[in-house]
Amino acid sequence: MSVEELSQEERDTWMRALKNWSISREGKAIERIFEFADFRAAWGFMSQVALMAEKRDHHPEWFNVYNKVEITLTTHDAGGLSLRDVNMAKAIDKLV
């Protein structure tokens, strides 16, 4: 099954719904930085995201230092941002 990149109009519409996420990589990805009380809380969050990502077969790019987790979502098969990224972002947002 082919995954299609979102059009500019679709991307703009979805970004209004994903208020805490921002466009990156010239419109090819979205990103968000999460901050937690400490490393344990950040790691717990990452563990929850990892399990979700594995179930969805859609894995984030991420970076962690102490209590901060930076997540970038893009769909390599689509060559940019897709509905899979939007749905993953919405699911991640429900964890915090």
Side-chain angles (χ1 to χ4, degrees):
M1 182 170 96
S2 176
V3 180
E4 292 192 25
E5 184 176 7
L6 295 177
S7 69
Q8 174 75 40
E9 183 179 336
E10 291 170 322
R11 187 178 70 212
D12 293 345
T13 299
W14 280 114
M15 289 311 296
R16 284 191 289 277
L18 298 173
K19 296 185 187 308
N20 295 311
W21 293 79
S22 58
I23 294 287
S24 64
R25 299 185 187 168
E26 299 177 358
K28 300 292 185 182
I30 55 175
E31 63 186 12
R32 180 174 175 190
I33 297 173
F34 297 85
E35 190 168 337
F36 299 91
D38 55 27
F39 179 74
R40 184 183 304 215
W43 190 264
F45 168 75
M46 290 174 67
S47 296
Q48 289 180 295
V49 173
L51 293 172
M52 181 189 334
E54 193 64 20
K55 284 182 183 177
R56 294 169 178 255
D57 192 30
H58 191 59
H59 304 89
E61 297 173 20
W62 54 15
F63 180 76
N64 164 246
V65 174
Y66 184 59
N67 68 333
K68 292 183 182 173
V69 178
E70 181 178 332
I71 297 180
T72 302
L73 298 172
T74 188
T75 303
H76 299 285
D77 292 342
L81 196 59
S82 78
L83 193 54
R84 293 181 79 191
D85 303 305
V86 170
N87 289 334
M88 187 71 170
K90 288 169 43 179
I92 290 170
D93 283 349
K94 288 181 182 178
L95 297 175
V96 292

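The residues of the chain are indexed from 1 along the displayed sequence.
- Within the model, atoms OG1 of T75 and CG of L83 stand 9.0 Å from one another, a figure rounded to the nearest 0.5 Å.
- Residues satisfying the salt bridge (Lys or Arg N to Asp or Glu O under 4.0 Å) test with D93, not counting sequence neighbours, are R32.
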Are D38 and W43 close enough, and set up right, to give a side chain to side chain contact (heavy atoms under 4.5 Å, CB included), and what steps lead you there?
CA-CA 9 Å; D38 55 27; W43 190 264; over 6 Å; no
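- Residues satisfying the salt bridge (Lys or Arg N to Asp or Glu O under 4.0 Å) test with R56, not counting sequence neighbours, are none.
- For the pair M52 and M88, the minimum side-chain heavy-atom distance is below 4.5 Å.
- Side-chain contact, T13 with E10: no donor N or O sits under 3.5 Å from an acceptor N or O.
- Rounded to the nearest 0.5 Å, atoms CZ (R11) and CE (M15) are 8.5 Å apart.
- Rounding to the nearest 0.5 angstrom, the gap separating the CD atom in E31 from the CD1 atom in I71 is 11.0 Å.
- Side-chain contact between I33 and V69 is absent, with no heavy atoms from C-beta onward closer than 4.5 Å.
- Annotation: ring-ring contact (aromatic ring centres under 6.0 Å, His included) contacts of W62 (sequence neighbours excluded): none.
- F36 is linked by a ring-ring contact (aromatic ring centres under 6.0 Å, His included) to F45, counting only residues two or more places apart in sequence or in another chain.
- The side-chain heavy atoms of T72 and I30, taken from C-beta on, include no pair separated by under 4.5 Å.
- For F63, the ring-ring contact (aromatic ring centres under 6.0 Å, His included) test picks out no residue, with sequence neighbours left out.
- Side-chain contact between N20 and F34 is absent, with no heavy-atom pair separated by less than 4.5 Å.
- Applying the salt bridge (Lys or Arg N to Asp or Glu O under 4.0 Å) definition to pairs two or more places apart or across chains, none involves residues 63-89.
- Separating the OG1 atom in T74 from the NE2 atom in H58 is a distance of 7.5 Å, to the nearest 0.5 Å.
- In plain terms, the two heavy atoms of A37 and Y66 that are nearest each other are O-OH, 4.1 Å.
- A salt bridge links K28 with E5; the closest basic N to acidic carboxylate O contact falls under 4.0 Å.
- The hydrophobic cluster containing V3 does not contain L6, counting ILVMFWY residues as joined when their side-chain heavy atoms lie under 4.5 angstrom apart, directly or transitively.
- Within a 6.0 Å sphere centred on CD of E4, other residues, nucleotides and ligands contribute 12 heavy atoms or fewer.
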